[in-house]
Amino acid sequence: MGLRIAMDFADRGARVIIACPFVEEGMWARRKIVEKTENDNVVFKLLDLSSCKLVRKFAEEINQNEERLDILINNAGIGSMNERLTKDGMNCTMQVNYYCQFMLTLLLIPLMKRTATASEPARVINTSSVLHHFGSTNFEMLNALNYWYFLQVYANSKLCVAMFTRELSKRLKGSNISVNVVDPGAVGTPIFQDLGKYYGAITTFLFISLFKTPFQGAQTAIHVALDKRAGQVSGEFFKNCKLSQANATARCEVLAKELWKHTQNLVDMSDEEIDSCLHS
C-alpha cells in the first residue's frame, strides 16, 4: 500500500520521501515511481523502525534537510509468528507497528508545525486495522515476548495506533495539524509472508484472491491525506474513505493517557523532550 500511496502523491507532482528499512526495495520503489510518474523529485531514505537510534537519525536528517513536511503517513506494519526482541529490548512487532511510529511522529511534529497553516493544515495519517477490535490494553504485557498469539500482538499494536492518534490529536489542538487513523480493510500484501514459508504463502494467496488489492487498500489513506473535509477533523477514524468509528477502547481517554506514558518510557522520551516537540 505504501508504494501505491507514494505513487499517487508523486503523480500529483509532490516531493515524496520513501522511508524503508531495505535498500534494494527502497531504491526499486523509487525507480518504479519515477518511471511511472515522470516525477524525479522522489527520495529514498533508510528508516528502520526496529531501532530507536535509527529513528532518531532519520528524523534528524529530515528536520535538517527538508524545508517542509505537509503529510506524514505511518504505513509500516509487520506480523510474524517468530517473535523476537529488538536491540532496544522491545517486541519487534510492537516496536515497528507502534512504539517507533509514536517516536518518529513526535520528532517530526516541529517541522510539520512550521509547515502548517490554518487554511492548509499539515496531516498525520496512521494506519490501524479492523483487528484493533481484538487488541488488549494489558500494558504491562504489551511488550512481552511469547506471551500472546502472533495475531494478538498485531491486534494490540493496531489498537495502540488508534489510541495514540486520538491522544496526539488532543495534545496538538490549535496547532494546524490534523491527526487521523485509517482502516484500509483486508488487503492482499506481502506482509503475510512473515508468517512462514507455507502458512505465509497460503495466507497471502487467499488475501490476494479474496480481498482488496494494495491499490484499493491505499485509497482511504490517500483520501484522508488530500480531502479538504478530512483535513478539517482530527482524532478521527476513517474506513472505506468515510468517517467511521474505532471501538470504545480506542476512544477511552484514560487508557490513552496511560498508554502514552507507557510508550514514552519505553522509547526513552522525557516529558521535556515531548513538550519541546509538541510546543516548539
Side-chain angles (χ1 to χ4, degrees), residues 49-52 55-56 59 72 74 76-79 83 85-86 88-109 124-175 177-183 233-238 244-280:
L49 288 166
S50 68
S51 167
C52 291
V55 168
R56 285 189 177 276
L72 170 64
N74 291 313
I78 62 171
E83 293 185 60
L85 286 179
T86 66
D88 296 313
M90 300 185 208
N91 180 300
C92 188
T93 297
M94 285 298 301
Q95 183 166 357
V96 171
N97 291 7
Y98 168 62
Y99 292 130
C100 271
Q101 292 190 32
F102 170 101
M103 183 184 200
L104 175 65
T105 302
L106 290 175
L107 293 174
L108 293 177
I109 289 297
V124 177
I125 296 93
N126 296 323
T127 305
S128 185
S129 165
V130 67
L131 289 177
H132 85 276
H133 288 286
F134 303 98
S136 169
T137 56
N138 181 356
F139 299 136
E140 290 185 2
M141 300 305 297
L142 275 183
N143 196 40
L145 202 65
N146 299 318
Y147 178 81
W148 313 91
Y149 183 57
F150 76 95
L151 277 179
Q152 183 67 59
V153 179
Y154 184 84
N156 293 348
S157 71
K158 293 304 181 179
L159 173 61
C160 289
V161 167
M163 296 172 72
F164 164 58
T165 299
R166 288 182 65 85
E167 181 63 20
L168 180 60
S169 170
K170 290 181 175 65
R171 297 184 185 223
L172 286 174
K173 188 174 181 179
S175 67
I177 299 177
S178 70
V179 188
N180 291 300
V181 62
V182 299
D183 171 8
V233 301
S234 191
E236 299 296 341
F237 188 92
F238 286 80
S244 184
Q245 187 167 267
N247 69 9
T249 303
R251 305 194 308 273
C252 177
E253 294 185 11
V254 173
L255 287 173
K257 287 180 171 59
E258 185 179 346
L259 173 65
W260 182 286
K261 193 65 179 178
H262 161 82
T263 307
Q264 78 167 87
N265 289 338
L266 268 180
V267 299
D268 195 24
M269 295 186 76
S270 66
D271 289 338
E272 291 75 19
E273 182 180 22
I274 289 179
D275 285 344
S276 175
C277 291
L278 295 177
H279 304 299
S280 61

- Task: Return the minimal non-hydrogen interatomic distance between M90 and C52, and the atom names on each side.
- Result: CE-SG, 3.7 Å
- Message: If I compare all heavy atoms of R56 with all of V267, which pair ends up nearest, and what's the gap?
- Response: NH2-O, 4.5 Å
- Is there side-chain contact between V161 and N97, with at least one heavy-atom pair below 4.5 Å? no
- Summary of side chain to side chain donor-acceptor pair (under 3.5 Å) pairs that have at least one residue in residues 132-142, sequence neighbours excluded: none
- Nearest heavy-atom approach of N180 to E236 is OD1-N, 2.8 Å
- Query: Would you say the side-chain atoms of S234 pair up with the backbone N or O of V179, donor to acceptor, closer than 3.5 Å?
  - Reply: yes
- Are any of the side-chain heavy atoms of L266 and F102 separated by less than 4.5 Å? no
- Query: Donor-acceptor pair, T127 side chain versus N74 backbone, under 3.5 Å?
  - Reply: yes
- Task: Using the test side-chain contact (heavy atoms from CB on, under 4.5 Å), find all partners of R166 that sit at least two apart in sequence or belong to another chain.
- Result: K170, R251
- Closest non-hydrogen contact found for N126 with T165 is ND2-OG1, 2.9 Å
- Item | L131 CG to Q152 CD distance, which is reported to the nearest 0.5 Å | 9.5 Å
- Query: Is there a side chain to side chain donor-acceptor pair (under 3.5 Å) between D183 and S244 once you walk through the steps?
  - Reply: CA-CA 9 Å; D183 171 8; S244 184; over 6 Å; no
- Task: Just say parallel, tilted or perpendicular for the rings of F164 and Y98, cut-offs at 30° and 60°.
- Result: perpendicular
- Side chains of D88 and Q95: donor-acceptor distance under 3.5 Å anywhere? yes
- How many angstroms lie between CG in L107 and OG in S276, if you round to the nearest 0.5 Å? 10.0 Å
- Message: Please check this pair: side chain of Q101 against backbone of A76, looking for a donor-acceptor N/O pair closer than 3.5 Å.
- Response: yes
- Query: Between C160 and L142, is any pair of side-chain heavy atoms under 4.5 Å apart?
  - Reply: yes
- Item | Minimum-distance pair of heavy atoms, taken over all atoms of H262 and F139 | CE1-O, 3.3 Å
- Message: Evaluate M269 against T263 for side chain to side chain contact (heavy atoms under 4.5 Å, CB included), listing each step before the verdict.
- Response: CA-CA 9 Å; M269 295 186 76; T263 307; over 6 Å; no
- Query: Between E253 and E167, is there a donor-acceptor pair closer than 3.5 Å when you use the side chain of the first and the backbone of the second?
  - Reply: no
